[in-house]
Amino acid sequence: MKRRWFLASTVAIAVVTAGVTTACGGGQSGEQAAGDADSGSQVLTMATSADYPPYEFVETAGGTEEIVGFDVDIARHIAEELGYELEITNIDFNGLIPALQAGRADFVMAGMTPTEERKQNVDFSEIYYDAKQTIVFPSGGGISSAADLEGKTVGVQLGSIQEGLGQDLAEATPGMELAPLNRINEIVQELKSGRIDAAIIEDTVAAGFLANNSDLEAVEIPEEGPAGSAIAFPKDSELVDDFNQVLADMESSGLMEELIVKWFGDGAE
Ligand code: ARG
């Protein structure tokens, strides 16, 4: 499954739809697809945890606050293709699956990894992007592998696979303590102020924080656990097949590749 979406190398006409706002509510065929949380309208509600650049984050430039990112572009495109308007709600990562279960959202895009445990409670699309894990630490912290976390306090996002990985590492590493926090920004702040010694963060997200914080560095940790991002839905949602179809179209048209380059840069493989 490694970076499967990168297989698409041709950039096709579909690319022009990127960035176009989803103002399609009025002109639709009138067909109401299942999974619509707000009956009578054609709005799909996406829940996310907008603390995860470049997947999703709050853009404050221009005086307004807007949630943008790789996941948001994908979601907008899918909603447009399927004839919905899109609404986005921003909640803590740990609350995303409960929100789906409670019917407060139609789907979640949050760089979320489709783990076996989560699959018991929600359904997932195909994986649309893959990732690796890194340890982030203050420059000069001398961490070159997970073994160096001995005696260290390590931040992770509450409810993430990084928390699970951290728990496994803590069991095998003497004196390592885990500090689960709600938001990635908090983790970065705690690191910079020295209240925690290290953090486990996904490679592409860590790269963004490193680019803006020269006092931090990172090392990749090999691990064979689940990785990558997929879209989550309430169990048995009829949206899953439709979303998978659009994801497949995005891959073959080159639009997915275009968005990867837009958000992760030319060097993204
Ligand atoms: N991929 C990891 C997981 O699924 C972390 C995702 C965190 N996402 C976020 N928007 N904060 O557990």
Side-chain angles (χ1 to χ4, degrees), residues 1-5 45-59 65-75 88-101 104-105 107-136 154-169 178-191 198-210 218 220-233 259-260 263-264 268:
M1 269 189 309
K2 258 271 357 73
R3 307 260 183 206
R4 58 207 303 271
W5 294 106
T45 303
M46 160 174 154
T48 192
S49 170
D51 62 344
Y52 216 51
Y55 290 87
E56 46 266 327
F57 56 101
V58 180
E59 175 97 296
E65 291 208 343
E66 199 193 347
I67 298 173
V68 298
F70 178 57
D71 283 345
V72 177
D73 277 0
I74 295 172
I88 303 179
T89 78
N90 183 13
I91 56 184
D92 286 347
F93 187 77
N94 199 38
L96 291 172
I97 286 183
L100 284 179
Q101 290 179 298
R104 288 197 302 273
F107 68 99
V108 161
M109 283 189 85
M112 184 178 273
T113 306
T115 64
E116 288 310 314
E117 198 184 335
R118 289 173 182 157
K119 282 183 193 166
Q120 319 227 317
N121 297 312
V122 295
D123 286 345
F124 281 101
S125 71
E126 298 294 328
I127 289 179
Y128 56 86
Y129 194 66
D130 214 344
K132 301 188 184 100
Q133 309 306 328
T134 61
I135 302 172
V136 180
V154 181
V156 288
Q157 185 162 41
L158 189 67
S160 68
I161 57 164
Q162 288 76 15
E163 183 184 21
L165 175 60
Q167 282 163 352
D168 293 347
L169 289 174
L178 219 54
L181 295 162
N182 272 320
R183 293 271 173 175
I184 298 284
N185 316 51
E186 289 172 55
I187 296 178
V188 172
Q189 282 317 312
E190 295 288 287
L191 263 181
I200 305 174
I201 301 180
E202 182 174 326
D203 56 352
T204 46
V205 174
F209 282 105
L210 257 52
E220 199 178 292
I221 37 176
E223 56 107 18
E224 53 308 327
S229 300
I231 308 170
F233 303 86
L259 293 179
I260 287 166
W263 290 104
F264 297 94

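All residue numbers in this chain count up from 1 along the given sequence. Order of listing sets the numbers, starting from 1, for every ligand and every atom in it.
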Under 3.5 Å side-chain donor-acceptor pair for E202 and Y55: yes
Contacting atoms of ligand 1, where contact means under 4.0 angstrom from a heavy atom of D51: 9 (C), 10 (N), 11 (N)
Quick one: does ligand 1 sit under 4.0 Å from the side chain of E163, the backbone, both or neither, non-hydrogen atoms only? neither
Can you confirm whether E59 is buried at CD, in the sense that more than 12 heavy atoms of other residues, nucleotides or ligands lie under 6.0 Å from that atom? yes
If the cut-off is 4.0 Å to any non-hydrogen atom of I161, which atoms of ligand 1 fall inside it? 2 (C), 3 (C), 12 (O)
Give yes if a backbone or side-chain nitrogen or oxygen of Y52 is under 3.5 Å from a nitrogen or oxygen of ligand 1, and no if not. no
I'd like to know if the side chain of E220 and the backbone of T134 have a donor-acceptor N/O pair within less than 3.5 Å. no
Of Y128, Y52, Y129, the one forming a side-chain hydrogen bond (donor to acceptor under 3.5 Å, both in side chains) with D71 is Y128
Ligand 1 atoms in contact with E202 (distance to a heavy atom under 4.0 Å): 1 (N)
Show me which atoms of ligand 1 lie under 4.0 Å from any heavy atom of S160. 12 (O)
Quick one: which of Q162, Q157, M109 has a heavy atom closest to atom 2 (C) of ligand 1? Q162
So which heavy atom in the protein is nearest atom 8 (N) of ligand 1, and how far is it from that ligand atom? A110 O, 2.8 Å
Residue, atom and distance of the protein heavy atom nearest atom 6 (C) of ligand 1 read G111 O, 3.4 Å
Within 4.0 Å of some non-hydrogen atom of E56, the atoms of ligand 1 are 10 (N)
Any non-hydrogen atom of F93 lying under 4.0 Å from ligand 1? yes
Note the single closest protein heavy atom to atom 3 (C) of ligand 1, along with its residue, its atom name and the distance in Å. R118 NH1, 3.5 Å
At what distance is the nearest protein heavy atom to atom 10 (N) of ligand 1, and which residue and atom is it? S49 O, 3.0 Å
